[in-house]
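Below: the structure, in structure tokens.
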Amino acid sequence: MEDLSMTNKVKNRNNHPFVHNRSSILLLCTVLLGILANILFFDQFPAVSYPIFVIAFYCVFLWNARDELHIKVDIGWILLIPIFLLSLSYFVFSNLIFYALNFMAIPVLIVMQTTLATRRANEKWYSIKFIGDLFLGFFYRPFAFIALPFRVVIKQTTTRVGIRKDSTLLKVMIGVLVAVPLLILIVSLLASADQVFSYLVDRIPNLFVNINLDTIVPRTLFAAIIALLSFSYIWSMMKPKTSSAPFWRMSEPMTMNNRVDHVIVVTILSLINAIYVLFTLIQFSYLFGSFSFALPAHFTYAEYARRGFFELVVVTLINFSILLVIVSCTKKGGKKINKTIQLLESLLVFCTLVMLLSAFVRMFLYEQMYGYTYLRVLTHAFMIFLFGLFIVTLCRIWKENLRLYKFYLLAAIAALVIINYMNIDVLITKWNIDRYEQTGKIDVNYLATLSDDAIPAMTVLLSAKDDTVAGQIENYLFERKRELTKKRSWQSFNLSQYRAMRVLDRYELSYNARYAHSSESDQY
């Protein structure tokens with residue numbers, strides 16, 4: 001009787017007018033959000049528009065899901081900081097690489113933040129199983145209630161007009177809604193099949209001379225998609241949380257019986273470490289003995305870096321994977337055997353850190369010879385990031401209650417924000433200019449591929465001692481200044497481009513065809 005009573009309460013709550021009012025309000029908000037997205041993004045390059053849309057989305061989310069929110073200073077709310085900073089980078093900087101990277105990272109962080117803020121997570125955020133909650137946020141929530149807006153509109157319409165659910169008029173309306181997309185497809189196919197019919201179809205737009213269907217249809221479709229996906233996602237956060245287990249939860253937890261035996265682990269680690277210790281000794285004797293930044297006689301800088309760098313990075317990633325598996329899945333033994341495993345794991349970490357250092361030095365040598373690029377600088381940053389993860393892993397080896405994935409996730413989010421705001425375009429430009437002053441070598445063509453963030457630092461080369469370099473830079477800055485002076489919509493306003501324009505306004509630039517095509521080319 002008690003279960004039946006609870007079921008009836010849930011049904012009555014779902015049919016309550018307040019629930020329908022909430023869905024109607026959310027639908028109105030998401031329609032406005034879709035219209036805003038249409039204004040900000042359709043046929044526009046994302047800039048100041050991106051943080052504006054993120055703020056608008058959160059206004060809609062926070063207002064409509066306010067009853068389900070649990071306001072507390074925890075990771076769920078702290079994530080708002082990197083979300084806002086990364087979205088603001090579209091306004092502050094103009095690096096296309098980070099535009100693409102952040103375009104993928106920001107939605108992941110938003111799904112993570114909203115899931116935690118509404119307590120919809122079935123697992124701890126630092127658990128590997130939390131990935132299941134993220135998949136749920138991406139592939140289920142935006143589509144689970146995508147039909148509900150149509151039901152809301154039909155219900156509101158039938159209520160106001162007084163049409164019954166079984167009325168003929170309502171059935172006709174539904175038939176029209178279903179038939180419209182089919183008609184569009186059929187008419188297109190028939191127009192392709194018959195020239196006379198195609199002629200008649202082509203004349204139809206003449207009836208709507210003042211209506212630009214080529215613009216209205218895609219804009220409306222874009223706004224509708226944003227509105228529907230936003231409605232479904234936010235509505236899934238507003239519904240009461242069910243107690244059913246998620247589909248990705250395993251039926252039986254991992255037990256000690258199906259973990260890797262400690263003898264197997266010791267054997268594996270011993271064999272691997274034997275090779276790594278030998279390699280490490282060689283690296284130490286070479287790096288810190290008679291190295292002195294000199295190469296063997298039969299090696300060039302490029303050959304040295306290419307033959308060793310990528311292999312070391314791959315080995316580092318393999319070691320990282322081995323450590324994760326062993327740390328997570330090793331069966332516990334006696335105190336002595338556990339201590340032995342910890343020592344072997346620590347030795348593996350130490351050898352791997354030496355490999356990272358060796359790879360770092362190899363890339364440094366290559367940069368000294370050929371200059372700095374996105375790939376090389378980001379590779380350095382990635383190695384520093386891996387170094388930090390190995391240090392955390394070393395702490396986990398000796399402190400078993402340390403939440404490894406928690407620190408991994410926090411480190412990844414922090415690294416992403418930091419690398420965005422380091423403004424590596426400026427760093428690459430300054431480092432290449434410093435190298436030019438020391439060696440007289442610089443690739444102006446590569447500098448021209450950097451974003452507008454680099455332009456203020458690049459103006460130093462206008463007074464370069466080499467007339468060719470100065471002329472090439474002036475040609476590039478002249479073309480860029482002409483491009484930046486073109487009128488743009490307010491949605492595409494970007495602070496980086498504005499700063500570049502203000503700097504270029506101080507210079508009287510001209511174009512000299514003599515320096516149009518000449519540059520050192522040293523990219524790989």
Problem set entry | Evaluation steps, side chain to side chain contact (heavy atoms under 4.5 Å, CB included), between S346 and L394 | CA-CA 6 Å; S346 301; L394 183 62; 3.6 Å; yes

Exercise. What do the steps show when you test I442 against V444 for side chain to side chain contact (heavy atoms under 4.5 Å, CB included), and what is the final call?
Worked result: CA-CA 6 Å; I442 193 167; V444 176; 4.1 Å; yes

For this session: Show your working on side chain to side chain contact (heavy atoms under 4.5 Å, CB included) between Y374 and L450 and close with a plain yes or no.
Result: CA-CA 9 Å; Y374 280 133; L450 300 177; 3.7 Å; yes

Problem set entry | W490/L40 under side chain to side chain contact (heavy atoms under 4.5 Å, CB included): CA gap, chis, key distance, verdict | CA-CA 9 Å; W490 66 268; L40 293 175; 3.5 Å; yes

For this session: Report the C-alpha separation of F45 and Y99 in whole Å, then their side-chain angles, then the decisive distance to 0.1 Å, and conclude whether the ring pair (Phe, Tyr, Trp, His ring centres under 6.0 Å) test is met.
Result: CA-CA 11 Å; F45 194 80; Y99 273 20; 5.6 Å; yes

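In this structure, H380 NE2 and I424 CD1 are separated by 12.0 Å, a value rounded to the nearest 0.5 Å. To the nearest 0.5 Å, atoms OH (Y233) and CE (M237) are separated by 3.0 Å. Rounded to the nearest 0.5 angstrom, M363 CE and Q368 CD are separated by 12.5 Å.
By the 30° and 60° cut-offs, the orientation of the rings of Y421 relative to F93 is perpendicular.
Remark: of the listed residues D453, D425, N423, D453 is the sole one forming a side-chain hydrogen bond (donor to acceptor under 3.5 Å, both in side chains) with S496.
Sparse packing is recorded around CZ of F103, with 12 or fewer heavy atoms of other residues, nucleotides or ligands lying under 6.0 Å away.
Taking the six-membered ring for Trp and the full ring otherwise, F53 and F41 have centroids separated by under 6.0 Å. Between F493 and F91, a ring centre-to-centre spacing shorter than 6.0 Å is recorded. Checked against the 6.0 Å centroid threshold, F130 and W125 do not count as a close aromatic pair.
Annotation: side chain of E345 is in contact with side chain of L269 (closest heavy-atom distance under 4.5 Å). Between F61 and I110 the shortest side-chain heavy-atom distance does not fall below 4.5 Å. For the pair V460 and T429, the minimum side-chain heavy-atom distance is 4.5 Å or more. At least one side-chain heavy atom of T316 sits less than 4.5 Å from a side-chain heavy atom of F390.
Counting only N and O atoms by type, the side chains of Q491 and Y50 include no donor and acceptor under 3.5 Å apart.
Of the charged side-chain nitrogens involved, at least one lies within less than 4.0 Å of a carboxylate oxygen, so that D452 and R480 count as a salt-bridged pair.
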